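For reference, the structure discussed in these notes is given below.
Residue numbers begin at 1 in each chain, while the letters A, B, ... track the order of the sequences. Small disclaimer: the values here were computed from a predicted structure and weren't measured.
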Protein chains: 2
Amino acid sequence: MGEEIPKIIIGRLPLYLRVLRRLKNEGEVYASSQELGEMLDISGAQIRKDLSHFGELGKRGTGYEIEFLIEKIRQILNINQVWNIAVVGIGDVGHALARYNGFVNRGFKVTAIFDSNEKKVGTEVQGLVIRDIKDLKEVIHKEDIKIAAVATPASAAQSVTDSLVENGIKAILNYAPIYLKVPDDVLVEYIDPAIHLQKLSYYLG
Amino acid sequence: MGEEIPKIIIGRLPLYLRVLRRLKNEGEVYASSQELGEMLDISGAQIRKDLSHFGELGKRGTGYEIEFLIEKIRQILNINQVWNIAVVGIGDVGHALARYNGFVNRGFKVTAIFDSNEKKVGTEVQGLVIRDIKDLKEVIHKEDIKIAAVATPASAAQSVTDSLVENGIKAILNYAPIYLKVPDDVLVEYIDPAIHLQKLSYYLG
DNA sequence: TAGATTGTTAATCGATTAACAATC
DNA sequence: TAGATTGTTAATCGATTAACAATC
């Protein structure tokens, strides 16, 4: 129970959740590891192994009860609650994030948006007022925000990150095309479309 | 030489490229594997091992010549050319992609944008006219497009993908929150902010 | 009971790290 | 030459897969 779960397994749980939700929507009640594996292009053995870290979640001979497994994974990932998210930098990407409806029911809600441009501050996006980046401290504490998305230009990303960390942010989704320096107890995930495309072009010869 | 390079190594090359470019901008001429490793939070040994797959690219006692290594990695990744990109689905995400300037100088250029909404078709984004999705075939061939980004709603993503594949697209950057079924010779990379956030929230207890 | 599928062990496979001779 | 750092081998570590007894 107390064992450390490998990061790579945690990384697959959200994918399991996504296909389980789809199956549930389609009216399915049970799913076997093989069935799930085929939908994700991974082996059934791997899915069983991954899930076994969290207890005996399936029924021999039957498979996994979808509704139960969804609830279980939501618990494991701590998304049986809604996390408030701050978005910093309301350019195209920040704007898209603020309006993104893929967060609904997946555990997250953008509740604060920031920019440093005086012309943007005070205007609204999706019913949220863009706040001045100077108000970071106040808003983060008031809204009890622990996760932030950095969508500023690369030049501003590190200093914005430093402010976020200083104000208690523990996890960052970084869209700026640089590696962010953060303390060991702060987590960062990177999203950079150019990086993803560069992986693809290798194989296009 | 003829050996297959592990996918995980190819995945790191774009990151190496990014820090090398940064060092070059800062006026540096040489970088050691340890220095690069510290900037990326990986070991120098791993960087040396990765690069050794492509020849003897460094100088013992000195490190790697930055400009040379950048050029070499660009060659390996096939981004010493510009790939035309099609973006399908011009909602917030598609719009952000069309206007994204992080592609410049990194090997890619959005040259065609598509939507199925008649009200959007014909309007311009970043100097590009939104084309009807029915014109996929014509435009893809005319512009010699091999890579596409899918930024449609989940419900349309698979059928759009099928059309793309039918028309010769070999690599897809998928923003729709579903797993896409494609033939073995077509590559897909996935970007889903909710999935990334779910990985983070696990660690927030 | 017969059939199906889990949970788990052991075997395999692959990636990372440590260490150091080669060499700039 | 002395110092530094690569390229590479061997050792270690970790992840995936195969196989099957347990059991629903």
Side-chain angles (χ1 to χ4, degrees), chain A residues 1-16 19-20 23 28-73 76 179 199 202-203, chain B residues 1-16 19-20 23 28-73 76 179 199 202-203:
Chain A
M1 296 290 153
E3 338 105 44
E4 183 99 349
I5 309 292
K7 206 171 161 185
I8 197 159
I9 293 182
I10 299 304
R12 280 191 294 261
L13 294 182
L15 303 175
Y16 297 170
V19 298
L20 287 164
L23 289 170
E28 302 292 326
V29 176
Y30 289 95
S32 70
S33 59
Q34 196 189 346
E35 193 181 345
L36 294 172
E38 274 166 18
M39 293 178 77
L40 290 161
D41 257 5
I42 59 185
S43 75
Q46 182 165 88
I47 289 179
R48 294 199 300 282
K49 189 109 214 279
D50 284 359
L51 295 176
S52 73
H53 285 85
F54 307 101
E56 305 202 357
L57 306 182
K59 280 197 187 66
R60 284 161 146 99
T62 313
Y64 297 89
E65 203 205 324
I66 292 171
E67 200 133 356
F68 171 80
L69 191 53
I70 287 174
E71 203 40 51
K72 191 73 195 179
I73 295 178
I76 296 164
Y179 178 80
K199 288 190 219 179
Y202 170 79
Y203 297 97
Chain B
M1 297 287 151
E3 339 106 42
E4 183 99 348
I5 309 291
K7 207 172 161 185
I8 197 159
I9 293 181
I10 299 305
R12 280 192 293 261
L13 294 182
L15 302 175
Y16 297 171
V19 298
L20 287 164
L23 289 169
E28 301 293 324
V29 177
Y30 290 95
S32 70
S33 59
Q34 197 190 345
E35 192 179 345
L36 294 171
E38 274 164 20
M39 293 178 77
L40 290 161
D41 256 4
I42 59 185
S43 75
Q46 183 165 87
I47 289 179
R48 294 200 299 281
K49 189 109 213 279
D50 284 359
L51 294 176
S52 73
H53 285 85
F54 307 100
E56 306 200 357
L57 307 182
K59 280 199 187 65
R60 285 162 146 99
T62 313
Y64 297 89
E65 202 205 326
I66 291 171
E67 200 133 357
F68 170 81
L69 191 52
I70 287 174
E71 203 40 52
K72 191 73 195 179
I73 294 178
I76 296 164
Y179 178 80
K199 288 191 220 178
Y202 170 79
Y203 296 98

Value in whole Å for how far the P atom of C:dT17 lies from CD1 of B:I9: 13 Å

Set out, in order, the CA-CA distance, both residues' side-chain angles and the distance that settles side chain to side chain contact (heavy atoms under 4.5 Å, CB included) for A:Y16 and A:I47, then state yes or no. CA-CA 9 Å; A:Y16 297 170; A:I47 289 179; 3.6 Å; yes

Stepwise side chain to side chain contact (heavy atoms under 4.5 Å, CB included) check, A:Y202 with B:K7: CA-CA 10 Å; A:Y202 170 79; B:K7 207 172 161 185; over 6 Å; no

Can you tell me if the side-chain N/O atoms of B:R12 get under 4.0 Å from OP1 or OP2 in C:dT16? yes

From CD (A:Q46) to OG (A:S33), nearest 0.5 Å: 11.0 Å

Return the stems involving DNA chain C, sorted by first number, where pairs are Watson-Crick (N1-N3 with N6-O4 or O6-N4) or G-U wobble (N1-O2 and O6-N3), both under 3.5 Å, and runs are 3 or more long. C:3-24 with D:3-24

Rounded off to whole Å, could you give me the CD1-to-P distance for the A:I8 and D:dC13 pair? 18 Å

Side chain to side chain contact (heavy atoms under 4.5 Å, CB included) involving A:E38 - partner list, sequence neighbours excluded: A:Q34

Per atom distances to the A:K49 side chain, the nearest of C:dA10, D:dG7, C:dT16 is C:dA10

Pairwise distance CG(A:L15) to CE(A:M39) - rounded to 0.5 angstrom: 12.0 Å

Calculate the interatomic distance between A:L51 atom CG and D:dT17 atom C1'; express it in whole Å. 16 Å

Would you say CD of A:E71 has more than 12 non-hydrogen atoms from neighbouring residues, nucleotides or ligands within 6.0 angstrom? yes

In whole angstroms, how far is the P atom of D:dA15 from the CD atom of A:Q46? 10 Å

What is the separation between atom CD1 on B:I42 and atom P on C:dA18, rounded to the nearest whole Å? 14 Å

Is the number of heavy atoms from other residues, nucleotides or ligands within 6.0 Å of CD (B:E67) greater than 12? no

In whole Å, I'd like the distance from the CD1 atom of B:I47 to the P atom of C:dT17. 11 Å

Could you tell me the separation between the OH atom of B:Y16 and the P atom of D:dT6, rounded to a whole number of Å? 12 Å

Are any protein N/O atoms closer than 3.5 Å to N/O atoms in nucleotides 20-24 of chain D? If there are, list each pair with its distance.
| unit_1 | atom_1 | unit_2 | atom_2 | d |
| --- | --- | --- | --- | --- |
| D:dA22 | N3 | A:R60 | NE | 2.9 |
| D:dT23 | O4' | A:R60 | NE | 3.3 |
| D:dC24 | O4' | A:R60 | O | 3.3 |
| D:dC24 | O2 | A:R60 | O | 3.2 |

CZ on B:R12 to CG on B:D50, rounded to 0.5 Å: 4.0 Å

Have a look at B:L57 and say if it touches a base, only the backbone sugar-phosphate, or nothing, with a 4.0 Å heavy-atom cut-off. sugar-phosphate

Can you pull out the residues from residues 29-38 of chain B that lie within a 4.0 Å heavy-atom distance of DNA chain D? B:S32, B:S33

If you measure from OH on A:Y179 to CG on B:D41, what distance do you get to the nearest 0.5 Å? 3.0 Å

Residue closer to the 5' end of DNA chain D, B:A45 versus A:P6 (nearest nucleotide): B:A45

With sequence neighbours excluded, tell me which residues meet side chain to side chain contact (heavy atoms under 4.5 Å, CB included) with B:E35. B:L23, B:A31, B:S32

In whole angstrom, give the distance that lies between atom NZ of B:K7 and atom C1' of C:dC13. 17 Å

By side chain to side chain contact (heavy atoms under 4.5 Å, CB included) - contacts of B:F54 (at least two apart): B:I5, B:I9, B:I10, B:L13, B:L57, B:I76

Measuring to OP1 and OP2 of C:dA4, would you say a side-chain N or O of A:Y64 lies under 4.0 angstrom away? no

